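Here's the structure, in structure tokens; my notes come after.
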Amino acid sequence: MTREMERWAAALAVDRQYGTGAAEFIAGRVKALAIAGDEAGVLRWLAIADCLDALAAGGTIQ
């Protein structure tokens with residue numbers, strides 16, 4: 001599985017688990033990782049957020 005596929009899978013999992021609260025969950029993860037100084041983690045969750053946004057807009061996995 002590629003990293004891009006992992007991001008989409010994570011976005012789908014977060015969407016299924018948190019529904020309308022998915023964006024808030026991701027924002028919380030980004031904030032916690034930023035406070036911890038985990039730049040790679042922040043970038044990963046921001047990429048997952050982009051996938052979640054695409055899903056919400058009716059996008060497809062490419």
Side-chain angles (χ1 to χ4, degrees):
M1 182 180 291
T2 66
R3 287 187 176 163
E4 183 67 16
M5 291 170 70
E6 288 176 359
R7 287 185 210 113
W8 281 100
L12 287 168
V14 169
D15 184 53
R16 287 184 181 138
Q17 185 169 356
Y18 295 95
T20 58
E24 287 181 47
F25 171 78
I26 291 175
R29 293 296 307 140
V30 169
K31 182 178 179 181
L33 291 164
I35 290 169
D38 184 350
E39 185 177 340
V42 168
L43 293 174
R44 179 176 185 270
W45 279 98
L46 289 175
I48 293 168
D50 288 342
C51 293
L52 183 67
D53 289 344
L55 289 172
T60 60
I61 299 173
Q62 298 178 3

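Owing to the predicted nature of the structure, the values given are computational and were not obtained by experimental measurement.
In this structure the side chain of I48 never reaches within 4.5 angstrom of the side chain of W8, judged on heavy atoms.
Separation of atoms CG (L55) and CG (D15) is listed at 6.5 Å; rounding is to 0.5 Å. To the nearest 0.5 Å, atom CG of residue L46 and atom CZ of residue R7 are 11.0 Å apart. Taken from CG in D38 to CZ in R29, the straight-line distance is 9.0 Å, to the nearest 0.5 Å.
Ring-plane geometry between Y18 and F25 is classed as parallel, the angle between the planes falling under 30 degrees on a 0 to 90 degree scale with a further cut at 60.
With sequence neighbours excluded, no residue satisfies salt bridge (charged side-chain N to carboxylate O under 4.0 Å, His left out) with R44.
Looking at R3 and E6, no side-chain N of the basic residue comes within less than 4.0 Å of a carboxylate O on the acidic one, giving no salt bridge.
Summarising the geometry of I26 relative to L52, their closest heavy-atom pair is CD1-CD2, 3.7 Å, with the distance given to 0.1 Å. Taking each heavy atom of A22 and V14 in turn, the nearest pair found is CB-CG1, 3.7 Å.
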